[in-house]
Amino acid sequence: MKKYILREPPKQAALDSFRAAYQSSLNEQQFQVATAPDGPALVIAGAGSGKTRTLIYRLAWLVHCGVKPESILLLTFTRRAAQEMLKRAAELLDERCRRVSGGTFHSVAAAILRRYGKALGLSSSFTILDRSDAEDVIQLLRGELGLSEKGKRFPKKGTLSDLFSKVQNKLLTLDEAVEAEYYHFTDQIELIRSLFIRYQKYKTDRHLVDYDDLLVDLYALLSEHASIREALAEQYKHLLVDEYQDTNKIQGEIVRLLGRDGRVMAVGDDAQSIYSFRGADFQNILRFPQFFPGTQVYKLEENYRSTQAVLDLANTVIAESKQQYPKRLFTRKQGGMKPALVRAQEESEQSRFVAQKILELREEGIPLSEIAVLFRSSFHSFDLEIELARRNLPFEKRGGFKLVETAHVKDVMSHLRILANPSDAVSWNRLLLLIPGIGPRTSQKMIAKMLQEGREALRGFARGAQAEPIQRLLEMLTQAEGADSVTGRIERVMEYYLPLMKNKYDDHPKRTKDLEHLLLISERYRNLSRFLSDLALEPDASIVDVAPADADQEKLVLSTIHSAKGLEWRVVFILWALDGYFPSIYSFTHEAELEEERRLMYVAITRAKEQLYLSYPIRVFHRASHAVLTKPSRFIEPVPEEILEPWVLSEEG
DNA sequence: GAGACCGACGTTTTT
DNA sequence: CGTCGGTCTC
């Protein structure tokens with residue numbers, strides 16, 4: 001009989017040495033999470049509870065136990081978050097952590113699909129469509145269907161795109177999605193369905209992939225191709241998912257398939273779920289234990305970020321919401337300045353207050369980089385931006401419009417995209433329409449012909465006034481292809497495009513600067529598809545990264561609350577805490593949406609470490625609804641003065 | 001078929 | 001106030 005020796009799990013010695021080295025860096029709850037055994041784990045991490053820190057040590061622990069860094073997959077909400085985490089883990093603990101695989105669901109999906117997508121009939125040179133590209137396609141098909149009959153209300157491209165997105169992200173049928181969100185279009189559902197089918201086919205035929213397709217296709221790959229799933233399971237032995245409360249149904253399924261053997265750790269906070277508009281469902285976090293039987297649930301409840309005074313307000317605001325995982329946040333930073341509720345007469349007074357206060361704080365020695373101004377919607381800061389500029393206060397704005405989404409940048413990108421994917425009809429259409437005399441009809445004809453016969457077919461259209469521009473376009477494309485760098489290609493495109501742009505826009509000097517910025521970004525890339533993918537998947541990280549030139553200058557941050565997720569500052573201002581602005585008037589009638597706005601307020605408040613100012617202008621007329629808004633946000637209105645102190649402004653002179 | 005012009009209309013957050 | 005869609009003219 002053969003004797004087989006069972007070995008002790010190798011963990012005890014590792015645990016002892018790890019504890020010796022790092023115990024003082026973590027509290028006991030965090031330490032338990034970092035060193036949790038291999039099975040499925042769910043970590044409910046309250047705001048400011050050192051979640052990132054814990055994840056970093058988790059990575060270190062796995063590496064410490066001999067797990068190959070490459071076989072750990074870290075899924076985060078933005079790629080910046082992943083890079084930041086890997087960098088910190090490498091600096092703090094173990095250089096090998098840098099080799100951990102990390103990214104967003106979308107970027108990881110794109111990488112996997114480029115490699116294995118063939119199994120689904122997907123070309124590896126597919127182009128990623130951003131939201132507005134997707135809408136362009138829908139618009140085109142909408143026209144082709146002959147839907148523009150008078151009198152009939154048919155959903156607009158934005159609505160359709162949103163609807164299709166919900167179908168994909170929430171794994172609904174079209175009927176279910178219409179029923180749930182767009183009941184008033186039920187009678188048009190067959191037309192919508194045929195448009196949806198055409199849209200899918202249009203993309204497939206031209207190697208185009210929208211954001212949702214990335215997830216849907218990855219899901220299909222994992223669920224339908226066992227061998228690929230095995231290969232990926234072999235490659236990624238440990239799965240760490242951050243911000244789990246903001247995953248949607250299909251992402252949940254992807255995690256389930258990728259983490260089949262149970263080596264999955266999901267981290268999140270149901271109280272901070274703020275992405276339901278794009279299909280996120282914090283029920284995912286509640287269902288996790290059912291997805292993964294034997295799940296161990298951990299909680300991080302000690303807040304290290306904020307003073308008790310800030311936390312009191314946060315707790316009061318969130319207490320009204322029905323949290324599913326009860327937890328009690330506490331801090332050892334007793335006391336602190338009471339959060340202020342500042343009433344201003346009008347928007348300009350609010351702006352002046354914020355600017356003046358920031359100047360005072362800087363006098364007191366708080367650097368601008370430790371101050372942030374947060375708001376519900378990007379446009380809420382317009383007036384303040386002017387005020388800050390007037391007072392020479394440097395700031396960086398996050399959220400809202402992206403450089404990559406501006407028309408001129410998209411114009412240039414479209415020329416590059418057809419080099420990477422010649423069947424990218426969306427880009428062809430965009431760049432052909434730039435040529436005077438070519439409109440939608442001609443453009444479609446040209447594209448149809450080129451899809452059959454290749455780019456040179458364009459010569460067949462080079463007649464009359466169009467002969468010369470078409471000739472120049474073709475020459476430029478050939479030159480760009482011959483260029484030896486991504487930057488070189490963009491330069492060729494710009495030589496061609498700038499004259500067109502100067503004709504099209506009055507403000508071309510500013511736009512030229514943007515394009516020069518694009519050149520700068522491109523210098524870091526050697527591979528065109530990679531450049532295009534990155535810009536599509538992370539439209540603003542690339543901008544921030546490029547800023548080292550003026551990195552020495554201290555800057556204030558203006559940010560949407562959504563973009564401030566996971567970050568912290570010593571002093572936080574929240575603008576427009578006015579009922580109707582925040583929560584938005586459009587959420588009033590839907591309980592679930594109001595609840596999400598409440599969580600959004602909670603996220604905003606918990607960004608502050610020491611000082612918090614909420615302000616609202618009184619007497620605001622809301623045009624669309626003809627309502628006069630006069631009250632502070634309903635989330636803070638009932639808060640007692642011991643917790644939120646009212647301030648009234650008065651002007652000198 | 002392209003592009004100028006006019007009237008209607010209206011949420012916002014992001015991969 | 002700015003964008004969108006539809007109509008009209010060249």
Side-chain angles (χ1 to χ4, degrees), chain A residues 75-82 103-110 128-135 139 142-143 147-151 153-154 156-159 161-162 165 168-169 209-216 218 243 246-248 250-251 273-280 374-380 382 398-402 404-405 407 432-433 435-445 464-466 504 533-541 559-565 576 580-590 593 596-597 599-601 603-604 622-626:
Chain A
L75 290 170
T76 51
F77 205 69
T78 62
R79 199 154 27 167
R80 217 163 108 211
T104 62
F105 275 90
H106 291 86
S107 68
V108 168
I128 300 167
L129 301 182
D130 70 14
R131 166 95 189 199
S132 82
D133 297 326
E135 287 185 357
Q139 184 70 346
R142 192 176 179 270
L147 294 166
S148 44
E149 286 170 61
K150 276 182 230 164
R153 248 183 269 126
F154 192 75
K156 307 247 164 73
K157 61 179 177 185
T159 312
S161 151
D162 188 53
S165 193
Q168 310 272 53
N169 283 299
V209 168
D210 68 19
Y211 287 144
D212 306 323
D213 293 330
L214 289 171
L215 302 180
V216 170
L218 175 57
E243 307 282 11
D246 285 320
T247 56
N248 54 40
I250 192 162
Q251 290 169 324
S273 163
I274 53 174
Y275 275 91
S276 73
F277 66 89
R278 71 175 215 208
L374 307 181
F375 30 86
R376 171 74 184 85
S377 312
S378 190
F379 73 90
H380 288 172
F382 287 171
R398 299 181 186 169
F401 264 106
K402 313 273 158 54
V404 190
E405 288 164 352
L432 289 172
L433 289 178
I435 300 173
I438 298 180
R441 289 307 256 265
T442 313
S443 154
Q444 286 313 305
K445 277 189 206 159
Q466 265 83 66
K504 200 171 160 193
S533 273
D534 276 13
L535 255 57
L537 290 170
E538 198 89 5
D540 61 4
S559 174
T560 60
I561 298 166
H562 285 89
S563 298
K565 182 176 180 155
W576 285 109
Y581 265 62
F582 190 5
S584 151
I585 200 164
Y586 303 100
S587 67
F588 285 5
T589 48
H590 298 94
E593 287 178 33
E596 177 143 320
E597 300 265 319
R599 293 191 295 269
L600 198 57
M601 180 63 90
V603 169
H622 192 262
R623 263 204 213 100
S625 65
H626 291 266

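Throughout, a chain's letter reflects where its sequence line sits, starting with A, and its residues are numbered from 1. Everything numeric in this text was worked out from a predicted model, so none of it was measured.
- At the heavy-atom level, A:Ser584 lies under 4.0 Å from base atoms of the strands shown.
- In this structure, the CD atom of A:Gln251 is 12 Å from the C1' atom of B:dT14, given to the nearest Å.
- Nucleic acid contact for A:Lys445: sugar-phosphate only, since backbone atoms but no base atoms lie under 4.0 Å from a heavy atom of the residue.
- Each of A:Phe401 and A:Pro440 was matched to the nucleotide of DNA chain B holding its nearest heavy atom; the match closer to the 5' end belongs to A:Pro440.
- Here the P atom of nucleotide C:dT3 and the CZ atom of A:Phe379 are 15 Å apart, to the nearest Å.
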Margin query: Quick one, A:Phe154 with A:Arg142, criterion side chain to side chain contact (heavy atoms under 4.5 Å, CB included). Give me CA distance, side-chain angles, the key distance, then yes/no.
Written below: CA-CA 9 Å; A:Phe154 192 75; A:Arg142 192 176 179 270; 3.7 Å; yes

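- Nearest to the side-chain atoms of A:Arg376 among the listed nucleotides B:dT12, B:dA2, B:dT15 stands B:dT12.
- What separates CG of A:Asp213 from P of B:dT15 is a distance of 18 Å, to the nearest Å.
- For B:dT15, the OP1/OP2 oxygens have a side-chain nitrogen or oxygen of A:Lys402 closer than 4.0 Å.
- With B:dT15, B:dT11, B:dG1 as the choices, the nucleotide that has an atom nearest any side-chain atom of A:Tyr586 turns out to be B:dT11.
- Nucleotides B:dT12 and C:dG5 place their P atoms 15 Å apart, quoted to the nearest Å.
- Which of B:dT15, B:dT12, C:dG5 sits closest to the side chain of A:Gln139 comes down to C:dG5.
- Within 4.0 Å of A:Tyr275, counting heavy atoms only, lie sugar-phosphate atoms of the nucleic acid but no base atom.
- The phosphate of B:dT14 has OP1 or OP2 within less than 4.0 Å of a side-chain N or O from A:Ser563.
- Annotation: A:Tyr275 is in aromatic contact with A:Phe277 [ring centroid separation under 6.0 Å].
- The distance from atom CZ of A:Phe582 to atom C1' of B:dT11 is 14 Å, rounded to the nearest whole Å.
- The nearest whole Å value for the distance from the CD atom in A:Glu596 to the P atom in B:dT11 is 18 Å.
- Aromatic ring centres of A:Phe582 and A:His380 lie farther apart than the 6.0 Å criterion allows.
- Backbone-only engagement by A:Thr442 is indicated by non-hydrogen atom pairs under 4.0 Å involving sugar-phosphate atoms exclusively.
- Nucleic acid contact for A:Ile438: sugar-phosphate only, since backbone atoms but no base atoms lie under 4.0 Å from a heavy atom of the residue.
- With distances taken from any side-chain atom of A:Ser377 to the nucleotides B:dT12, B:dA2, B:dT14, the minimum falls on B:dT12.
- In this structure, A:His590 atom NE2 and B:dT11 atom C1' are separated by 13 Å, rounded to whole Å.
- The six-membered or imidazole ring of A:Phe77 lies away from that of A:His106, with a centre-to-centre distance of 6.0 Å or more.
- In this structure, A:Ser378 reaches the sugar-phosphate backbone alone: every heavy-atom distance under 4.0 Å involves primed, P, OP1 or OP2 atoms, never a base.
- Spacing between atom CG of A:Asp162 and atom P of B:dT11 amounts to 12 Å, rounded to whole angstrom units.
- In this structure, CD in A:Glu243 is found 4.0 Å from NZ in A:Lys565, a value given to the nearest 0.5 Å.
- Summary of the strand contacts: A:Ile435 and A:Ala536 both lie near DNA chain B, and taking for each the nucleotide with the nearest heavy atom, the more 5' one is attributed to A:Ile435.
- Closest approach to the A:Arg441 side chain among B:dG1, B:dT13, B:dT14 is made by B:dG1 (side chain taken as heavy atoms from C-beta onward).
- Look at NE2 on A:His562: it is 17 Å from P on B:dT11, rounded to the nearest Å.
- You'll find the ring centres of A:Phe375 and A:Tyr581 outside the 6.0 Å limit.
- In this pair, A:Phe277 lays its aromatic ring flat on the base of B:dT13, centres within 5.5 Å and planes under 30 degrees apart.
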